[in-house]
Amino acid sequence: MRRGWFLPIAATLGFAFLYLPIISLVVFSFNESKLVTVWSGFSTKWYVELFKDKQMLNAAWLSLRIAFFSASFALVLGTLCAVALVRFKRFRGRTVLAGAVSAPLVMPDVITGLALLLLFVAMESTLGWPAGRGITTIIIAHTTFCMAYVTVVVQSRLSDLDLSLEEAAMDLGATPARVFFDITLPIIAPALVSGWLLAFTLSLDDLVIASFVSGPGSSTLPMVIFSKIRLGVSPDVNALATIIIGVVALGVVIATVIGFRSRRERRKTA
Amino acid sequence: MTLTGNQLPPPRRLRPWSGLERRLRDVGISGRTLVIAAPAIWLTVFFLVPLLVVFGISLATKQFGRPPYSPLLKTEDGTVQLTLHLSNYVKLFTDPLYVAAYLSSIRISLISTVITLFIGYPMAYAIARAPETWRNVLLMLVILPFWTSFLLRVYALSGFMRGNGVINQVLGVFGIQPLVMMQTDFAVYVGIVYTYLPFMILPLYTTLVKLDTSLLEASADLGSRPWQTFLSVTLPLSLPGIIAGSMLVFIPAIGEFVIPSLLGGPETLMIGRVLWDEFFTATNWPRAAAVAVAMLVVVVIPILLLQKAQDAVVEKEK
């Protein structure tokens, strides 16, 4: 049959397309020459250079703090939103809430960024808060678009949850809050972890929204990288990219292996 | 023996949050209200209201000062005056720059979406038909780039395509003249396809993996050639996946800023880039807001299509 060879070749070419640029970036981060594309010998000097770059390190630290707080706030709000949408089938404004929480998923970043900036400016001139823009406004902006992703992840886990467990706890006299914290939360914990991680990486990665709502002195890591690579290739960005890709790859592989194991064990006990 | 409500053992000592819950209930706020209100208030203040603010400011004009736009409401001699300007919208329709940027954004996004579909479909199908042990590994390989930085992936691609980049060095080995790829519309197409490919593959995979293979066998038994089976059975059944994947590529591509500004040339016009320049370079906030409103109009129809496609997938699962 024709499909016998066509699909594997198409898939191989597709994966090559996805991975070859990343692999070449990693390889050239160990290149001695400043010319990123001409190989002249193995060296780790760009990594040394990277850790001497004060501006880059400060931006990285700022981005990590923003990502931590945005992901945590987004986790709380996104989980509440998911519970509201899955557990409470009927309330006023449910369609509006469902639409408003999923719209940021597809909203172009330039619109979200501009809209929030104009809001902050209008609020500052009428309410006096937030005074200027910086880490607070970036965290608010990131929380808003990250909570959409958390809601999607938690929603899908909640909707295939076995309701009888919660009903049993309820029958035994537990209050709704107690049922949520003692029964629901532990069961959906893996979804919460992946939702938080997704929000964390999205916040860490955002360039456009942060550029709109940041103020002087609060340049995040993507903003610093962007201004650097706009001027051309720079080998220390390659080194930074290699570190990020390494951490992410390790994390995803570990998560997948853990996922595999627990699924296999569940199948064994079932 | 059966236990009635009164005979149940007293509940374990209540945790602190139960106390909080009781206190809130005493003042008339139920847990249910709180759960709905918290995200609803947040989204109203930081998502819905900002969109209204954008619309409002798009009706103002640029002026010097802080903030750099004319006020909509003015109180003069005790009367409130509302001043609305339509000049930004008039400009959008009459200035050839905006019209060209609009049309070329739609063209670039449309072409990239079609290319992504042609590359993503066989990949999704191959993963769906792969043995189960392979399937998870391949899926992980599709998702992995999605977790790494978008900006750094565009940067990796630029290193690959530039004048003395890897592609041209490989071509040089075969004695082929180096190609000019960077700073062209071609580079923007490649960039969009490269970064949004996972968004195309995942929804396609979810519809293709659920495809009933007995239908394919039946079609083959009745004498269809493989391509006939594909066109008359597989393709129509995977339509929701095709729509969802295409919209997930098309909608963000319309407003894309990073890809045209890093990979495209100065003549690569895209509406997201125009909005950016209007805001940061020209500091014409009302004009940028009008561009945003106009962009929203273009993406609303695909968003509704996406919603429909997702509903269709959910319906099928039931």
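No hydrogens, no waters, no symmetry mates; every other heavy atom, side chains included, goes into these values. In what follows, chains carry the letters A, B, and so on, assigned in the order in which the sequence lines appear, proteins first and then strands, with residues in each chain numbered from 1.
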Per side chain to side chain contact (heavy atoms under 4.5 Å, CB included), B:Val53 is matched among A:Leu118, A:Leu114, A:Leu117 by A:Leu118
Given A:Ala11, A:Ala10, A:Pro104, the one with more heavy-atom pairs under 4.5 angstrom with chain B than any other is A:Pro104
Most contact-rich option vs chain B, by heavy-atom pairs under 4.5 angstrom, among A:Val83, A:Val208, A:Leu204, A:Leu202, is A:Val208
Practice problem: Check whether any side-chain heavy atom of A:Leu13 lies under 4.5 Å from a side-chain heavy atom of B:Met123, and answer yes or no. | Solution: no
Counting heavy-atom pairs under 4.5 Å with chain B, the top scorer among A:Leu240, A:Leu105, A:Leu198 is A:Leu198
Checklist entry - Within a strict 4.5 Å, meaning less than it, do heavy atoms of the B:Glu256 and A:Pro108 side chains meet? => result no
Taking the side chain as C-beta and beyond, is there a heavy-atom pair between B:Met295 and A:Val110 under 4.5 Å?
yes
Whatever's closer than 4.5 Å to a heavy atom in chain A on B:Leu151 counts as both
Check whether any side-chain heavy atom of A:Val101 sits under 4.5 Å from a side-chain heavy atom of B:Leu43, and report yes or no. yes
When the 4.5 angstrom heavy-atom criterion is applied to A:Ile244 and chain B, the contacting part is side chain
Honestly, the part of A:Leu25 sitting under 4.5 Å from a heavy atom of chain B is side chain
Cut-off 4.5 Å, heavy atoms of chain A, and the answer for B:Leu296 is both
Side chain proximity check, B:Phe46 to A:Phe120, heavy atoms < 4.5 angstrom: yes
Counting heavy-atom pairs under 4.5 Å with chain A, the top scorer among B:Gly255, B:Pro50, B:Ala38 is B:Pro50
Okay, B:Leu275 and chain A: the region with an atom under 4.5 Å from a heavy atom over there is side chain
**Study point:** Ring-ring centroid check B:Trp276 A:Phe212, cutoff 6.0 Å
**Key:** yes
- Note, A:Pro21 side chain near B:Arg153 side chain (heavy atom, < 4.5 Å): no
Nearest heavy-atom contact between B:Phe257 and A:Phe226 is CE2-CZ, 3.8 Å
If one checks every heavy atom of B:Trp42 against chain A at 4.5 Å, the contacting part turns out to be side chain
*With the side chain counted from C-beta on, respond yes when B:Leu152 and A:Val237 share a heavy-atom pair under 4.5 Å apart, and no when they do not.*
yes
If you tally heavy-atom pairs under 4.5 Å between each of B:Ile254, B:Val193, B:Asn136, B:Ile201 and chain A, the highest tally belongs to B:Asn136
Honestly, the part of A:Thr144 sitting under 4.5 Å from a heavy atom of chain B is both
Correct closest heavy-atom pair for B:Leu51 and A:Met107 would be CD1-CE, 4.3 Å
Pair count under 4.5 Å, heavy atoms only, with chain B: among A:Leu85, A:Thr143, A:Asp109, highest is A:Thr143
When the 4.5 angstrom heavy-atom criterion is applied to B:Val142 and chain A, the contacting part is both
When the 4.5 angstrom heavy-atom criterion is applied to B:Val293 and chain A, the contacting part is neither
If one checks every heavy atom of B:Phe55 against chain A at 4.5 Å, the contacting part turns out to be neither
Residue from A:Cys81, A:Gly251, A:Ser125 scoring the most non-hydrogen pairs under 4.5 Å with chain B is A:Cys81
Of the listed A:Ile225, A:Ile111, A:Ile23, the one with the largest count of heavy-atom pairs under 4.5 Å with chain B is A:Ile111
- request: Would you indicate whether the side-chain heavy atoms of B:Phe150 and A:Asp206 approach each other to under 4.5 Å?
  value: no
